[in-house]
Amino acid sequence: MARIAGVNIPTQKRVEVALTYIFGIGQTRAKEICAKLSIPDARRVHQLTDDEVLKIRELIDRDFVVEGDLRREQAMNIKRLMDLGCYRGLRHRKGLPVRGQRTHTNARTRKGKARPIAGKKK
């Protein structure tokens with residue numbers, strides 16, 4: 001089991017796919033990392049040498065913000081908006097969609113499960 005950026009990545013998957021298990025690395029960045037280190041597309045994690053795993057770990061630590069640092073940075077950005085009291089911050093505080101989506105219908109992911117209103121007739 002290879003451990004990169006504090007995450008155990010699955011050993012049976014291709015390196016490109018396994019790297020996406022790290023928060024902050026998607027398909028594009030995973031391909032970019034493999035290209036920089038000239039790791040073939042078909043190579044699986046359990047086939048990597050210790051040296052290659054070390055190079056991947058060092059590259060990610062040096063060039064990308066991932067996992068805990070990224071989560072902390074995102075939380076601080078949201079907290080800053082809320083402290084400013086700007087429109088986006090107020091929407092975050094109320095738990096409503098931030099980017100202009102409609103809320104009359106939909107928006108259930110942000111608003112949560114629909115709650116019945118007392119006394120409302122159908």
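No experiment lies behind these values; they were computed from the predicted model shown. Residues: numbered from 1 along the sequence shown.
Summarising the local packing, CD of Gln74 is surrounded by more than 12 heavy atoms from other residues, nucleotides or ligands at distances under 6.0 Å. The environment of CZ in Arg115 is sparse: at most 12 heavy-atom neighbours from other residues, nucleotides or ligands sit within 6.0 Å. For Asp50, the CG atom is loosely surrounded, since the number of other residues' heavy atoms within 6.0 Å does not exceed 12.
Using a 4.5 Å cut-off between side-chain heavy atoms of Ile, Leu, Val, Met, Phe, Trp and Tyr, with links allowed through other members, Phe64 and Leu19 fall into the same hydrophobic cluster. In the hydrophobic clustering of ILVMFWY residues, with side-chain heavy atoms under 4.5 Å counting as a link, Ile9 and Leu54 come out apart. Linking ILVMFWY residues whenever their side-chain heavy atoms come closer than 4.5 Å, directly or via other members, places Val45 and Leu37 in the same cluster.
Residue pairs meeting the salt bridge (Lys or Arg N to Asp or Glu O under 4.0 Å) criterion with at least one member in residues 63-72, sequence neighbours excluded, are Lys36-Asp63, Glu67-Arg71, Asp69-Arg72. Residue pairs meeting the salt bridge (Lys or Arg N to Asp or Glu O under 4.0 Å) criterion with at least one partner in residues 90-99, sequence neighbours excluded, are absent.
How far CD1 of Ile4 is from CD1 of Ile22: 5.0 Å, rounded to the nearest 0.5 Å. In this structure, CZ on Arg44 lies 7.0 Å from CZ on Arg14, to the nearest 0.5 angstrom. Rounding to the nearest 0.5 Å gives a distance of 10.5 Å between CZ of Arg29 and CG of Leu59.
Remark: the backbone N or O of Arg3 is paired with a side-chain donor or acceptor of Arg57 at under 3.5 angstrom. Listed for the Glu58 side chain is no donor-acceptor partner under 3.5 Å among the backbone atoms of Lys55. Counting only distance, with no hydrogens or angles, the side chain of Lys31 and the backbone of Gly26 share no donor-acceptor pair below 3.5 Å. Thr20 places a side-chain N or O within donor-acceptor distance of the main-chain N or O of Val17, the cut-off being under 3.5 Å.
Looking only at side-chain heavy atoms (C-beta outward), Phe23 and Leu70 come within less than 4.5 Å of each other. Looking only at side-chain heavy atoms (C-beta outward), Leu90 and Leu96 stay at 4.5 Å or farther from each other. In this structure, His46 and Gln12 have side chains that are in contact, with non-hydrogen atoms separated by less than 4.5 Å. The closest side-chain heavy-atom distance from Val15 to Asp41 is not below 4.5 Å. By the 4.5 Å heavy-atom criterion applied to side chains, Val98 and Arg88 are counted as neighbours.
Ion pairing between a basic and an acidic side chain is recognised when a charged N comes within 4.0 Å of a carboxylate O; Glu16 and Arg43 show no such pairing.
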Checking Asp61 against Val66 for the side chain to side chain contact (heavy atoms under 4.5 Å, CB included) test, could you report, in this order, the C-alpha distance in whole Å, the side-chain angles of both residues, the deciding distance, and whether it holds? CA-CA 8 Å; Asp61 288 343; Val66 293; 5.5 Å; no
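Of all non-hydrogen atoms in Pro10 and Ala18, the two that sit nearest each other are O-CB, 3.8 Å.
Residues satisfying the salt bridge (Lys or Arg N to Asp or Glu O under 4.0 Å) criterion with Lys79, sequence neighbours excluded, are Asp83.
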